[in-house]
Amino acid sequence: MMRTDPCFEVVDLTKVYGEGEAEVRALRGVSLTIYSGENIVLLGPSGSGKSTLLNILGGLDSATSGAVFFEGRNLTEMTDSELTQFRRDHIGFVFQNYNLMPGLTAEENVELVTEIAKNPLPAKEALDMVGLSARTDHFPSQLSGGEQQRVAIARAIAKRPQVLFCDEPTGALDSQTSHLVLKALDRVTKELGATTLMVTHHRGIAPMADRVIRFKDGNIDQIEVNENPVSPEEVVL
Amino acid sequence: MILRRHIFERILGLFRPLDRKLFRGVRGLGAQVIAVSVVVACGVTLFITMNGTVTSLSTTRDTYYDRYNMAHIWAPVKRAPMVLRDQISDIPGVRRARGRISAGALVDMPGEPAPVRGKVLSIPDGRMPDVNTLYLKRGTLPRKGREEVILLDSFVQAHKLQLGDTIPVTLYGAKRFLRIVGVALSPEFVYSIPPGELVPDPKRNAVMWMGYDALAHAYNMDGAFNEIVLLTERGASEQDIMRRIDILLEPYGGIGSYSRDNHISDEFIKSELTQLSVVGSIIPPIFLGVAAFLLNIIITRIVEDEREQIGLLKAFGYTQTQIAMHYLKFALIIISIGVFLGWAGGERMGRGTANMYQEFYHFPLLIFNPGIGIFIEATLFALLAGVLGVFLAVRKIIGLRPAVAMSPPPPTDYSGVVSFGGKLKWMDQTLRLIVRHILRWPLRAALTCLGISMGMALMIGARGNVDALDKMMMLNFEQVSRQDLTVSFTETQDRSIVNEMGHIDGVLAVEPFLSVPVTLKNKHHIRHKAITGVVLNAQQNLLLDRQERQINPPADGLVMEELLAEALDVKAGDTVTVKVKTGNRPELEVPVLRIIKTYLGTPVYMEMHSLHSYLRNGEEISGVYLTIDESKEDAIFKELKDMPGVLGVNSNNDTYRAMRKTMDQAIGTMLVLNSTFASLIAIGVVYSSARISFFERQREIASLRVLGFTLTEVNMVLLGELAILTVFALPLGVGLGRLLAQTMAHEMSSELFRMPSVVELSTLGSAAAIILIASILSAALMSRRVAKLDMIIALKTKE
Ligand SMILES: Nc1ncnc2c1ncn2[C@@H]1O[C@H](COP(=O)(O)OP(=O)(O)OP(=O)(O)O)[C@@H](O)[C@H]1O
Ligand SMILES: [Mg+2]
């Protein structure tokens, strides 16, 4: 695997929710370097802090202590509008619950992002990449779960993001549909050369990654390096 | 804070789990609960105040009339012997008839620019009258044969008189000093308005009661009476009695009897009661309707939020009714808060209103006593609003099969919107999101729009009434009565006096008028009026129609106000019988040539020369209008006061000021309250709509934020909808407001006056401004929420 420049540098990151008796230490001093173009899968038991990490890296949440550097800039010191700009320019998100705008068609949902991006793919092309060119004018209510998730992927990658965060993108899907979604993800990230960080409960997905990070109790338990990542077709779900 | 929550949870522990959720829900809604409660409270307050005042006022009046034997019929006559009274008593249906003397008088009060026109009424010597009994506040009855009087309380107060004081009264041409021995109220003078005027002026309304002997002596009426007052048996026909009295009195100069319907004081009370009931039946329901709507949108949101939970409850075996009851309870808590506040508010405001009325209507005691029924009625209306709001909200969801309800809600279906929203390709994304959202729930958008415009309409309606009164005043004082002074004579004078007046230093113009008291008759319809003789092309006191065009009455016929024509059942071209009450008392057949519409009173006019030739009484006039050089006003006043035959001089400015004061007092408070309430509604609706829209779309908004949309861009999506709805609500509010003002003006109109339905531009402007301010404030509050929105929480599935 080629080592390129570091994309994210996470230094002794902690996140504490609540206070007093209700205190939850979701992250307990995580340190990690993520390199550009890397494809990482994040595994770990429920509640171990995976989503929390993803959210902080994606600029959706603030850390309690520690630092996150993105291309040398410290995210934890950014203002709200700087974080907004950061997300807008560099990050794509895919969530378990799709989070499409019910009021917009598939194509419009993608356009929502292309409109504000600097160098976007045409919305149609993005939908084409996830195999949905035939459903561009459908509203989310008229699409299946897998289709909705693929629209969400198209929406995430249409801006050609440097980094793609996926939090259990196949969590709500059956295995056949999951394959479709993974294929779509794999294809677009390869084509765009995006760094991806995917949280999942499916161990079977792990072989796809360059590195597999296992989380436990708010910290990294173990990191595995895959010298030869497999293609989505070979994944057993 | 933590401790408080702790206690709250402990108390909740006492309830069933479902109810616990309920209380947490009410607590969580905060401002919205307040908004609904306040609107309910406003509605209940107004309902209790208005309808409670109507009840209080009418019961007080009825009790007063009953206990103090308010006459049912009055029958003025020139002079009739006392024996005639017994014949009248014998008319079937007459319970008690009394003959009395009613004498016009002039009271020369120090400090008044002109003598005050007064009235002296006889009472039986040494006894309280048993028709129109007096409520003696202080003092005693006059002693037999003495020149002692009981004086009307309001006059005594206005002039700060004392028992034992004497007042100079000109009676039958002779000046006398009458001693005040008593102060009284009378059911006949509840609303004491000086003759021929429109607003009460206690200073200029002198009513006195004197023993019969003394008054008969002074007024040259020994053994005679000039007015019959009588009580009828329950259920007797007043029309029949009046007809028979008129026949009996005719030979003695009877000029027609009349009943309470034509009694000025009672007429004013009735007109006030009508107005109050109109306001009481139009305004509170609007408030409660808005409350129902607000509740509906709140509950709708909660129900949609709790869709899975409802499915679960159904899966557990809860019935639809149980689930509906759950949400109904929720609504009832909110409504109850409003109802309690409304009870308290209504009681307070009602008492305030009663106090205010006590200033205008002289009852022995007017207390706000709406009766428990009004409270119950108000409560039932409020509860109805709650039930309606909840029913419409839960109707759909509680019918869902549990499995359907439990599965996560499918994304909102916008596909139907395309069919009538088009593809909207020309719009940008933000606008498209806004428009689709509006079109997705067109009914709700429409209701929100309607709610906002209702608030605006109420503001316009409340202010519109005042605009209408202002307009009436303006019209009267600037267009119709342009004179500076009105001089009226004790007896009619020859027209030549006009020249004489013109020579007084400082008088710039003189215009004569003639007022002839008559009875107008057509078929069985009778009205007691005065025909006003007017000059052609008048310059000082103009005859105007409602379009403010000057009318010149055609020769040889009457010009009549529409309502009077309706009351008499005549059309232009018909003939009416005119019985003149003065001079040689001719009875004439006169054609009605033209029907006009005016705002004040129900006047009848005739061109002065024609009136003179009908009367065959020479060129007589009753008074003149003067335009004067204002710097010489005092001198002119003095000269007029000393002129023989001058009954009174009225300054237009003084009248205007008096009227203004009365109106400002009476209307000011109401206006402030109504506008406040209306603004509260508007703000409540706007805020709630914005808040709901925020809740509904927080996932969407969070998604947009995650995608890198800036706060401003997100606010555009959220607040754009509010902006669009507000923009649509404004013209609708103007329309509804005008309609409301018009309806109220129409409903409140009586023979005393008709309200023009005018709404000033400034009224529309201020209503719109309040709506806009409410929108902007709500928008500001919402955008603060957007800024604070926790993207992660919002993105997770619903709790
Ligand atoms: N907003 C919050 N407030 C309080 N605690 C929170 C919050 N969000 C997460 N937590 C807690 O932080 C810990 C880590 O949560 P996180 O969502 O990161 O777990 P996860 O690894 O993504 O779990 P899962 O696999 O179930 O999604 C958990 O114990 C969770 O309860
Ligand atoms: Mg997670």
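Naming convention: chains lettered A, B, ... in sequence-line order (proteins, then strands); numbering from 1 in each chain.
A:Lys159 has its side chain out of reach of B:Leu707: every pair of non-hydrogen atoms, C-beta onward, lies at least 4.5 Å apart.
Residue-environment remark: CE (B:Met716) stays at or below the threshold of 12 foreign heavy atoms within 6.0 Å. Heavy atoms of other residues, nucleotides or ligands lying less than 6.0 angstrom from CD of A:Glu23 number more than 12.
In this structure, chain B has a heavy atom under 4.5 Å from the side chain of A:Asn55, while its backbone stays farther away.
Annotation for B:Val706 and A:Phe93: closest pair CG1-CD1, 3.0 Å, computed over non-hydrogen atoms.
In this structure, A:Arg87 has no salt bridge (charged side-chain N to carboxylate O under 4.0 Å, His left out) partners at least two apart in sequence or on a different chain. Here A:Thr136 pairs with A:Glu107, A:Leu127 under the side-chain contact (heavy atoms from CB on, under 4.5 Å) rule; sequence neighbours left out.
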